[in-house]
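Report on the structure given below.
The basis for the numbers below is simple: all heavy atoms, side chains too, and nothing from hydrogens, waters or symmetry mates. So that the names make sense, note that chain A is the first sequence line, chain B the second, and so on, each numbered from 1.
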Amino acid sequence: MTETPQTPDARGHFGPYGGRYVPETLMAPLEEIEHAFYEARQDAEFQAELKDLLKNFAGRPTPLYEAKRLSAELGGARIFIKREDLLHTGAHKINNCLGQILLARRMGKKRIIAETGAGQHGVATATVCALFGLECVVYMGEEDMRRQRLNVFRMRLLGARVESVTTGSRTLKDAVSEAMRDWVTNISTTHYLLGSALGAHPYPMMVREFHRCTGDEARQQMLERTGALPNTVIACVGGGSNAIGIFTAFVPDERVKLVGVEAGGRGLALGEHAARFAGGAPGVLQGAFSYLLQDGDGQVSLTHSVSAGLDYALVGPEHAWLHDQGRAEYVNATDAEALAAARTLARTEGIIPALESSHAVAEALKRAPQAKGEVLLVNLSGRGDKDTDIYRENFPELDNPDAK
Amino acid sequence: MPSSERIARCFAACKEAGRPALIAYLTAGDPEPGRTAEIALALERGGADILELGVPFSDPIADGPVIQRASDRALKAGASVERVLDAAREIRARSEMPMILFSYLNPLLRYGFEKLCADAREAGIDGCLFTDLSVEEAADTVETMRQAGLDTVFLAAPTSTERRLKLVADYSTGFVYVVSRTGVTGEQAQVAGGVDGLVSSLRKLTSLPLAVGFGISKREHVEAVGSYADGVVIGSAVMRVVEQHGAAADLEQHVEQFFKELAGRA
């Protein structure tokens with residue numbers, strides 16, 4: 001891990017965003033994690049072990065793939081895809097999990113808890129816990145457990161306990177609240193392996209640092225393959241971990257456009273989407289100050305996305321700062337656009353993307369035709385196996401014997 | 001604007017009487033916003049010295065199931081910051097009991113923090129405690145509260161290091177709220193061990209009154225904690241009574257009777 005151009009201040013602020021908005025009981029433990037993280041960063045042995053695991057366990061570096069058929073079909077930009085979907089466990093989440101599990105071991109924690117939306121972070125957490133023989137409890141909203149049955153089973157197969165969360169909207173936000181309540185209760189034995197660039201400092205910075213390998217690799221690979229940087233980098237944004245992972249290396253390259261794609265859901269009425277920049281205002285949720293979907297009384301709104309991993313009311317605080325500075329642009333793709341993009345990618349390139357990543361693909365499909373001569377880099381953060389049930393629900397015609 | 005000093009005077013009077021101040025937490029708006037003032041006054045008749053008026057929030061990360069459910073009911077019944085302040089105004093018209101606004105930060109940020117402080121003071125609120133406001137983030141908000149004449153109460157926790165306890169003591173006025181155990185709010189069979197040690201650590205750092213909360217639900221807890229703390233906070237146990245009798249016309253009597261037992265007045 002090298003120095004990062006955009007470092008939060010000593011209290012974890014990106015501009016006005018981020019910080020530590022948690023009950024006092026969690027403050028000292030957050031300081032302990034921050035301290036352990038900075039120490040580990042300087043520790044050659046820690047770095048060597050992490051590097052080895054990323055390479056030999058997770059499968060880094062991931063390929064940079066030029067989607068030639070898709071590019072030709074759209075008749076505009078050249079589209080390159082960073083294949084984080086090929087990582088072990090099927091998504092980028094494993095990068096952060098490997099980093100944090102080594103940190104947890106260093107801090108002497110025996111029990112790991114996590115929240116999960118789509119289940120990818122839960123599976124990655126269950127995986128690293130199995131790898132290190134640590135107890136694992138994953139909080140997951142009841143609604144998400146229904147949407148992501150396959151991942152629930154994978155977690156259990158890996159030895160984790162999946163706790164169903166039945167409060168609130170029964171999705172990611174409520175799973176985070178339950179995980180925080182568990183953490184505050186079991187703080188001496190337990191590490192909270194938070195899965196996105198969210199929550200109180202140091203999590204947003206730490207999670208970014210564990211994911212920035214994506215962008216570091218992709219930048220180098222683009223230079224090797226095309227001799228230049230891409231014109232535009234596109235990634236989906238739920239909490240924002242895969243996006244910040246690929247953006248970070250490109251932030252100093254001012255000519256490279258950074259585009260984050262939020263969940264446009266069923267439309268931009270409050271409660272129907274998770275597009276925080278389109279419909280939110282700065283506020284505090286679960287430890288951080290950032291753009292938040294909320295009603296006029298400051299109550300957190302329900303959100304909707306076909307993709308469980310993007311279905312969250314707050315965006316990671318560094319994205320809020322990139323947004324306000326105009327360094328990154330944030331757009332959204334609807335459920336229908338993401339589903340259509342998934343089918344297009346599957347049929348032109350033989351890659352079935354995760355529904356989350358399909359939002360980034362949808363944005364590339366919109367931009368490419370008007371961008372002849374340009375190069376688009378899309379972060380394909382996860383693979384779509386886990387979404388098979390939802391794809392089937394939405395493409396019922398494919399279950400016909402004569403389907404094509 | 002100087003602080004109302006209702007809180008300071010209340011702790012002094014309790015000390016003189018040789019007993020801890022009893023602090024009752026009430027989620028405003030449960031079972032419905034129109035009943036909050038009556039329930040608060042029932043608590044006072046039952047022996048509550050100070051009222052913590054809780055602003056319900058959709059995502060109460062520091063609260064256990066009882067207060068989560070109370071918040072849900074209050075929000076469904078139409079609770080809002082404005083209606084919490086209406087209830088405060090109604091209580092203040094009929095009582096001199098000190099009142100603390102107890103809230104997560106976001107509803108107040110949305111209301112407008114400066115306006116909130118001015119409106120709260122005008123409604124008769126004496127101080128504020130924000131569950132998810134760490135001292136690190138508090139410089140501006142504390143300044144605004146002080147200017148409005150509101151006491152600023154912060155949490156001290158079993159995990160707080162000595163450096164943090166100092167910060168908490170420095171930022172607090174009125175009293176310091178000592179969290180008895182790691183965990184969320186909720187009743188327990190026994191009060192956590194070690195909280196007396198935390199109280200004595202804080203005594204060395206501040207002359208402010210120290211009130212202990214989390215897990216206190218019975219008269220015997222009040223007696224035990226009251227032997228070393230200046231105040232005792234009872235929250236979830238109150239909200240359980242509201243939950244059990246919320247639909248009843250005599251809810252207020254149940255609340256009053258329950259608190260009398262806690263206060264040793266039954």
Side-chain angles (χ1 to χ4, degrees), chain A residues 9-13 16 18-32 166-169 173-190 199-201 280-290 292-302 313-314, chain B residues 55-65 68-69 71-72 75 78-84 103-112 116 130-139 154-165 167-168 176-186 214:
Chain A
D9 72 12
R11 290 174 178 180
H13 296 109
R20 275 184 182 144
Y21 293 89
V22 292
E24 172 62 23
T25 309
L26 293 177
M27 287 301 289
L30 287 166
E31 288 173 357
E32 184 195 349
T166 57
T167 52
S169 55
K173 165 175 82 83
D174 311 287
V176 173
S177 286
E178 274 313 304
M180 289 183 83
R181 290 178 186 125
D182 178 316
W183 194 36
V184 79
T185 307
N186 300 295
I187 206 114
S188 59
T189 58
T190 300
H201 180 62
V284 170
L285 179 66
Q286 295 169 336
F289 182 64
S290 187
L292 173 66
L293 288 168
Q294 52 184 317
D295 68 16
D297 290 324
Q299 305 296 338
V300 178
S301 303
L302 296 184
L314 190 91
Chain B
V55 177
F57 182 49
S58 51
D59 298 84
I61 52 168
D63 286 299
Q68 286 175 43
R69 291 197 298 268
S71 305
D72 281 348
L75 291 173
S80 63
V81 174
E82 275 162 36
R83 296 182 83 169
V84 175
S103 186
Y104 292 85
L105 205 51
N106 199 59
L108 310 183
L109 294 179
R110 186 68 174 185
Y111 185 89
L116 179 273
F130 304 130
T131 326
D132 55 355
L133 179 63
S134 61
V135 286
E136 273 79 353
E137 302 292 346
F154 281 86
L155 300 169
T159 50
S160 304
T161 53
E162 176 151 358
R163 184 184 68 80
R164 299 203 56 80
L165 290 179
L167 279 171
V168 166
V176 178
Y177 187 128
V178 183
V179 176
S180 72
R181 58 177 157 86
T182 57
V184 292
T185 58
F214 279 42

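Ranked by heavy-atom pairs under 4.5 Å with chain B, the first of A/N186, A/T185, A/D295, A/L292 is A/T185. Contact tally against chain B (heavy-atom pairs below 4.5 Å) for A/V184, A/V176, A/L285, A/I187: the top residue is A/V184. In terms of heavy-atom pairs under 4.5 Å with chain B, the best-connected choice from A/P23, A/A28, A/G298 is A/G298. For chain A, the option among B/D63, B/L133, B/D59, B/V81 with the highest count of heavy-atom pairs below 4.5 Å is B/D59. Across B/P56, B/S58, B/A157, the residue that shares the most heavy-atom pairs under 4.5 angstrom with chain A is B/S58.
There is no contact between B/R69 and chain A, counting heavy-atom distances below 4.5 Å. Of the two parts of A/E32, neither the backbone nor the side chain holds a non-hydrogen atom closer than 4.5 Å to a non-hydrogen atom of chain B. Heavy-atom distances place the backbone of B/A156, and not its side chain, under 4.5 Å from chain A. Using a 4.5 Å cut-off between heavy atoms, B/L105 touches chain A through its side chain atoms alone. Neither the backbone nor the side chain of A/S301 has a heavy atom closer than 4.5 Å to any heavy atom of chain B. Only the side chain of B/L75 comes within less than 4.5 Å of a heavy atom in chain A; its backbone stays farther off. At a 4.5 Å heavy-atom cutoff, the contact between B/V179 and chain A is made by side-chain atoms alone. In this structure, the portion of A/V22 lying under 4.5 Å from any heavy atom of chain B is its backbone and not its side chain. Residue contact with chain A, scored on non-hydrogen atoms closer than 4.5 Å, is absent for B/E82. Interface remark: B/L155 contributes backbone and side-chain atoms alike to the contact with chain A (heavy atom separation under 4.5 Å).
In this structure, a donor-acceptor pair under 3.5 Å is present between the side chains of A/H13 and B/E137.
Rounding to the nearest 0.5 Å gives a distance of 11.0 Å between OH of B/Y104 and CD of A/Q286. Separation of atoms CZ (A/F289) and CG (B/N106) is listed at 8.5 Å; rounding is to 0.5 Å. Taking CH2 of A/W183 as the start and CD1 of B/I61 as the end, the distance is 10.5 Å to the nearest 0.5 Å.
The pair A/D297-B/R110 does not count as a salt bridge, with every side-chain nitrogen at least 4.0 angstrom from each carboxylate oxygen. The residues B/R164 and A/E24 are annotated as salt-bridged, a charged nitrogen and a carboxylate oxygen being separated by less than 4.0 angstrom.
Looking only at distances, no side-chain donor or acceptor of A/R181 sits under 3.5 Å from a matching main-chain atom of B/P65. Judged by distance alone, the side chain of B/S134 and the main-chain N or O of A/R20 form a donor-acceptor pair under 3.5 Å.
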Please lay out, stage by stage, how A/M27 and B/T159 fare under the test side-chain contact (heavy atoms from CB on, under 4.5 Å).
-> CA-CA 8 Å; A/M27 287 301 289; B/T159 50; over 6 Å; no
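When all heavy atoms of B/F57 and A/V284 are compared, the pair lying nearest together is CZ-O, 4.3 Å.
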